[in-house]
Amino acid sequence: MIGYFARKLGTYVLAFFLGATIDWGIPRLMPGNPVQIYVAKFQLQSPGAWEALNKLFTKAFGLNVPVWKQYLNFWNGVIHWNFGVSYTQFPEPVSHVIFSAVPYTLALLVPAITLSYVLGNRVGAMAARRKALDNTILPVGYFFQAMPYAWLALAMAFFLGAYYRWFPIGGAYAQGMVPNASWSFVWSLISHWFLPFMTVFLVSFGGWAIGMRNLVIYELETDYSRYLRSLGASERLVRRYAYRNAVLPQLSGLALQLGVVIGGNIVTEVVFNYPGLGNLIFKAISGEDYFLLQGIFLFIIVGVCIANFLIDIIYVLVDPRTRLSMQGAQA
Amino acid sequence: MTLEVDKLQISYRTLRGDVRAVDGVSFAVDDGEIMGLAGESGCGKSTLGNSLVYLEGRMKHAGGTVRLDGEVLPISDQRAMGRYRLKRVSIIPQYAMSALNPTRKVGRMTAELLKSRGVRYDSVEEELKRRIDLVGLPQGVLGMYPFELSGGMRQRATMVISTLLDPSLLVADEVTSALDVSTQRAVGEMLMEFRDERFVKTIIVITHDLSILAQVADTITVMYAGKLVEKAPAATVVGEPLHPYTQALLASLPEVGVRYEDAPLAGIPGRPPSLLHPPAGCRFGARCPFAFEKCSQDPPFMELRPGHEVACWKAVRDIGGTSVLAEADQPGTEGPAGPGAGSEVPAVPRPGAQLASPTSAVSPGPGEWTGQGTGQP
Ligand SMILES: Nc1ncnc2c1ncn2[C@@H]1O[C@H](COP(=O)(O)OP(=O)(O)O)[C@@H](O)[C@H]1O
Ligand code: SF4
Ligand SMILES: [Mg+2]
């Protein structure tokens, strides 16, 4: 058991290491010199002043040393939770900028992922047994599942936001409002949150419902289901077993889907100008703020690794077969 | 009679039409009797056995009745049938090795199954443990997951679960097929013990392997293309078969270690006919070396000797002496085979027919027969 998790942990550490390295390398391959762009903003006339500023910023961003040293410095920074300073929000440290955006992203992602998973599985399992539900839920599920996040987000923003004006769009709360503990502020938060949340929720929900419906139908045809029925077991028991066994592949699917959902969340935040990490990525790319970009991606990599590790643990708890294979590996 | 099946018809609904897998089958099984049901793959044995317990989605009850302990079984009514299952009728399915839910411990699954049938687990726990011992499983299996057990252990666990509530009828479908010869015999003995201990009143043992039936079964019924072709006490079927198909089955018994299904019937070319559009007349006609004009009519399944039922015009002709013989009205009977014509069926092989006479193919004595079947030298 311990050996199994140690190996898994090793895999994730390796994945994190590779991911972080790619994360460090990619911004450096992007076209354009961010320092020059940044300095150009000062619209300096004197070449001497330009030169001095350029040097100052190159040093401040740690770009005055050879690339291998930059790489080592990067890891040193990671260890000390120091990702440098943001260009676009100079002189804010990247970690501050990220942490102020993280709550918004989590507020979208965590409910969207858990609710779509739980409800999608339930509804999919119900669709597997009720024809009427199957004929309605299934097409709707396919529709949303096949929807690119950006389209659904735009459609939501256009119809429910701009056209019917049911929900406000843009930002996390009404412009000009100062965060406070009043009901009107909370209401503003919720109404701004609803559409981006629904976008991410609906796309995932469709996928889970369809997957679960197919898996439950498959499980209901398996030998153990036939045997239970042959012995007169209640339909409830047969369904319960089928549901439980169908959830297992869904759980591994959840680990695989995390990346996709996070990607969709980024797009959705951009469409709704919702101040989470996705929106921040958008700003960092347009501002060539590559320390910020690096920091955000690193944060996402860590998040995905941790989430996958948690799913691994849950999987072992719910599927006895993995426990046995672990014993086999130890022996 | 514990079980009486009368003109039972079961078909599968398919896109191309109804497949009549069981086509007007009648037989009875006595209290305490183990009936063997034999025939090539695809003859409808499993369909017949399943229909007595659980009619699956695509199966249709097209006619006939089934009585158990004198009571008509509502085989096409899932809800009504649910009450009989496990308590009155039960099955060890053909897929017994994969019949247990892989993510539930055997004991817990059993408890949950019993609970859903309104039976308290503690009320049968002691008996369950006794039977676990009886089939040679360690008590620990109840606390194990199915994938922790070998295939044979899973099958025995399934045998115990299926018979736990002492049903009147047990259908055991191909319980010996995937096993090696010595395990086959052990499983056969377990079935007999289940009957002797009165866990079950009657057992239908389905197999494509006649040699195992010679040891286990009291009577043997042979099925071909959805119909019964011969039924008699086991020793009679094995020693003095009357139907050419039974004779061919016996003649083609494999050498030890060769799986029956893998080898086509020795001496009889061809395959069983499609049950989507079965041929008129005798269904074995196309492969039968003895076929003659009369065989274009459907041969009736009837008692030609006491306790020996056969559906074959040639047998009617050879046994003779009944009113049916006159009805049969066929020319050129060769050999006046009287009612007591002895064990040798005077077969009249036509030129080119390679069907061996049963007595030359197998040893006449059932005892030696069994020996051959189980691989004893
Ligand atoms: N689910 C099914 N759908 C259609 N036809 C089937 C189905 N199952 C079996 N059959 C047909 O019914 C016939 C009898 O099958 P089965 O009862 O399994 O034979 P056996 O057990 O003797 O090998 C076969 O011809 C087979 O093709
Ligand atoms: S009825 Fe005719 S064709 Fe059929 S088995 Fe008998 S002899 Fe052969
Ligand atoms: Mg079968």
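Residue numbers start from 1 in every chain, and the chains themselves are labelled A, B, ... in the order their sequence lines are given, proteins ahead of strands.
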Geometric class of the F197(A)/F194(A) ring pair [parallel <30°, tilted 30-60°, perpendicular >60°] =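 Tilted, since the angle between the ring planes falls between 30° and 60°.
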query = Between Y274(A) and Y104(A), how do the two ring planes meet: parallel, tilted or perpendicular, split at 30° and 60°?
reply =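 Ring orientation, 0 to 90° scale: perpendicular.
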query = Given a strict heavy-atom distance threshold of 4.5 Å, which part of L231(A) is in contact with chain B: side chain, backbone, both, or neither?
reply =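 Its backbone and side chain both get close to chain B.
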ask   = Using non-hydrogen atoms only, which part of R236(A) is less than 4.5 Å away from chain B: side chain, backbone, both, or neither?
value =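 R236(A) has no heavy atom closer than 4.5 Å to chain B.
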ask   = Sub-3.5 Å donor-acceptor pair from the side chain of E174(B) to the main-chain atoms of T207(B), do we have one?
value =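 Checked: no pair found.
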message = Could you check whether any side-chain N or O of S225(A) sits under 3.5 Å from a backbone N or O of E221(A), counting only pairs where one atom can act as donor and the other as acceptor?
response =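 Side chain of S225(A) to backbone of E221(A), a donor-acceptor pair under 3.5 Å: no, none is there.
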key: Ion pair check, D209(B) and K45(B), cut-off under 4.0 Å   =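 Answer for the salt bridge query: no.
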request  = May I ask you to say whether R130(B) pairs ionically with D133(B), meaning some side-chain N is under 4.0 Å from a carboxylate O?
outcome  =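 Answer for the salt bridge query: no.
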Below 4.5 Å, heavy atoms only, C-beta onward: do [X] and [Y] meet side chain to side chain?
| X | Y | result |
| --- | --- | --- |
| L251(A) | Y117(A) | yes |
| S51(B) | I10(B) | yes |
| F199(B) | L164(B) | no |

query = So D18(B) and K60(B), salt bridge (Lys or Arg N to Asp or Glu O under 4.0 Å) or not? Walk me through it.
reply = CA-CA 9 Å; D18(B) 282 3; K60(B) 190 173 76 182; 2.7 Å; yes
request  = Would you indicate whether F16(A), at its atom CZ, is surrounded by more than 12 heavy atoms from other residues, nucleotides or ligands within a distance under 6.0 Å?
outcome  =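 Correct, the count exceeds 12.
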key: chain A contacts, top residue of T103(B), I161(B), T158(B) (heavy-atom pairs, under 4.5 Å)   =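 With the most close heavy-atom pairs to chain A, the winner is T103(B).
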Side chain, backbone, both or neither of L165(B) within contact of chain A (heavy atoms, under 4.5 Å) =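 Looking at L165(B), nothing touches chain A.
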request  = May I ask you to list the residues in residues 64-92 of chain B that approach chain A closer than 4.5 angstrom, counting heavy atoms only, ordered by number?
outcome  =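 Under the 4.5 Å heavy-atom cut-off, G82(B), R85(B), L86(B), S90(B), I91(B) qualify.
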request  = For chain A, find its close neighbours in residues 111-129 of chain B: heavy-atom separation under 4.5 Å, sorted by number, or none.
outcome  =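 Contacts with chain A: E112(B), L113(B), S116(B), R117(B).
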